[in-house]
Number of protein chains: 2
Amino acid sequence: MSSPAPGLREQRKARTRKAIQEHALRLFLADGYDATTVERIASAAGVSHMTFFRYFPSKEAVVENDEYDPMLVELIRAQPAGAGPLTALRNAVVGGIREVYATDKDALLVRTRLILTTPALRGRQWRNAESTQALFAEALATRADGGTTFELRVLAAAVLGALSTALAEWAEGDGADDLPTLMDRAFDALAHLDS
Amino acid sequence: MSSPAPGLREQRKARTRKAIQEHALRLFLADGYDATTVERIASAAGVSHMTFFRYFPSKEAVVENDEYDPMLVELIRAQPAGAGPLTALRNAVVGGIREVYATDKDALLVRTRLILTTPALRGRQWRNAESTQALFAEALATRADGGTTFELRVLAAAVLGALSTALAEWAEGDGADDLPTLMDRAFDALAHLDS
DNA sequence: CTACCACTTGATAGTCAATAACAGTTTTTC
DNA sequence: GAAAAACTGTTATTGACTATCAAGTGGTAG
């Protein structure tokens, strides 16, 4: 990633981007996703709707937060070589989430609930999961884990399904449960599928 | 399900619905999903665009084919009680797909490829998977399978992830592989995740 | 057979997301 | 300081989708 130069322009862009995102989330929570037009978000953030689309490719994209993927890939690669692929994924993901959870818990809950209750966002979410699946499978492959490419893809897909379920369960319970614990339980279930 | 009366009206509606769907798929394949407008589909089918939306809630919906879910749920319920939940799901799903595959293989391939290559349809597909996950989990629960509701949800999600991967692999290979065999391999991978 | 009723459809107009073209302004960069 | 590049707003257009209302069709009772 590049911070090419902290010039005035970059600072201003970062501020504009953040303003759009914050106003968008605020309005989504207040009035609902569908009832909030891009025009309204833009004017709340003090820009034109064209500028909105220059910062975010779509109305859906303003809710996303894909910053975790690269970190998780790093963590997967860093797992000791002896562990099996499921164990490696488990330790990497649960460890990574634990950190995110400690600092961004509330924001994560708000965003997750919004996504779960908005059909358009749910679809988007799953589409992202597909690229995450590919990243995970690739990271496992470079770790020289056993199994064919196909098997690693299946593994990554199964893990993502399990993680999504944990996240959904957590959000449905309004964040009362401990998310890393739920994810651990999800991984336990994966390890003993035919209980 | 109701066939209230095979009156002229019902026949006509069924014909219109089928015509819209067939023209839509034909045009999608010829010109691409995005390049095909609803207006064009409607006029090809000899109706107005309003009628299109009276038959299908959205442009995306015209590609779907959710008819398999009830059949799969029946098959899951019919599995012998002794088998573990993963085995039950495996036998039900692979058996069901084998039948579909024997009769609808070409149509399945065309539709799957279209969905995989069209971002908007991929999102829709995953959204449907969510309701399928709930149906599977519920079917397993009524079978009095071991495990909590949460664990069954995780299982259903993992299986759907694995199945999607098999379907994607099959479509990427232009249908050269045998789909039921691929699904069997996906289930094998699930059974030995930490290979 | 006819007259009535519910259902289905089309024409029209509108909203909203997303894209394109152009002009005006500001920040770099030399 | 001036030329080049980047950023933004205005306006217009496309296409998915909805609402309304008028007109046409099939089913049915008399």
Side-chain angles (χ1 to χ4, degrees), chain A residues 2-21 23-25 27-28 30-64 114-115 118-124 127, chain B residues 2-21 23-25 27-28 30-64 114-115 118-124 127:
Chain A
S2 50
S3 339
L8 274 189
R9 197 165 251 162
E10 301 303 321
Q11 295 177 33
R12 185 169 175 69
K13 276 172 65 172
R15 248 183 297 137
T16 302
R17 186 186 174 82
K18 200 170 148 193
I20 293 175
Q21 207 161 28
H23 283 285
L25 285 180
L27 291 169
F28 289 163
D31 305 337
Y33 179 83
D34 291 323
T36 305
T37 68
V38 169
E39 192 64 50
R40 186 140 163 50
I41 298 168
S43 85
V47 298
S48 75
H49 83 229
M50 273 305 306
T51 298
F52 176 97
F53 284 111
R54 286 187 180 113
Y55 280 87
F56 298 94
S58 71
K59 183 183 174 185
E60 295 161 5
V62 82
V63 183
E64 284 164 25
L114 185 58
I115 290 172
T118 308
L121 294 177
R122 283 216 304 266
R124 182 84 179 196
R127 232 151 75 205
Chain B
S2 53
S3 338
L8 275 189
R9 207 164 241 164
E10 303 303 321
Q11 295 177 33
R12 186 168 178 69
K13 276 173 68 171
R15 247 185 296 137
T16 302
R17 185 183 175 83
K18 200 169 148 195
I20 292 175
Q21 207 160 29
H23 282 286
L25 285 179
L27 291 169
F28 288 162
D31 306 336
Y33 179 84
D34 292 321
T36 305
T37 68
V38 169
E39 191 64 50
R40 186 139 164 49
I41 298 169
S43 87
V47 298
S48 74
H49 81 196
M50 277 302 309
T51 298
F52 176 97
F53 284 112
R54 285 189 181 107
Y55 280 87
F56 298 93
S58 70
K59 183 183 175 186
E60 295 160 5
V62 83
V63 182
E64 284 165 24
L114 186 58
I115 290 171
T118 308
L121 294 177
R122 283 216 306 264
R124 182 86 178 194
R127 230 150 78 204

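Chain naming here is simple, since letters A, B, ... match the order of the sequence lines and numbering starts at 1 in each.
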Is the shortest side-chain N/O distance from Lys59(B) to OP1 or OP2 of dG15(D) below 4.0 Å?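 No, outside the criterion.
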Is any side-chain nitrogen or oxygen of Tyr55(B) closer than 4.0 Å to OP1 or OP2 of dT9(C)?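 For dT9(C), OP1 or OP2 has a side-chain N or O of Tyr55(B) closer than 4.0 Å.
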Atom pair distance, as rounded to whole Å: [atom1] in [X] and [atom2] in [N]:
X: His49(A); N: dC7(D); atom1: NE2; atom2: P; result: 18 Å
X: Glu39(B); N: dC17(D); atom1: CD; atom2: P; result: 13 Å
X: Phe53(B); N: dA11(C); atom1: CZ; atom2: C1'; result: 16 Å
X: Phe52(A); N: dA17(C); atom1: CZ; atom2: P; result: 9 Å
X: Arg17(A); N: dC7(D); atom1: CZ; atom2: P; result: 13 Å
X: Glu10(A); N: dT26(C); atom1: CD; atom2: P; result: 18 Å
X: Glu60(B); N: dG15(D); atom1: CD; atom2: C1'; result: 13 Å
X: Met50(B); N: dC21(D); atom1: CE; atom2: P; result: 14 Å

Listed nucleotide nearest any side-chain atom of Thr51(A), set dT8(D), dT10(D), dT20(D):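 Output: dT8(D).
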Looking at the side chain of Ser48(B), which of dG15(D), dT8(D), dG10(C) is the nearest nucleotide?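 Minimum distance to the Ser48(B) side chain belongs to dG10(C).
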Does any N or O donor sit under 3.5 Å from an N or O acceptor when you compare the side chain of Arg54(A) with the base of dG9(D)?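 Present.
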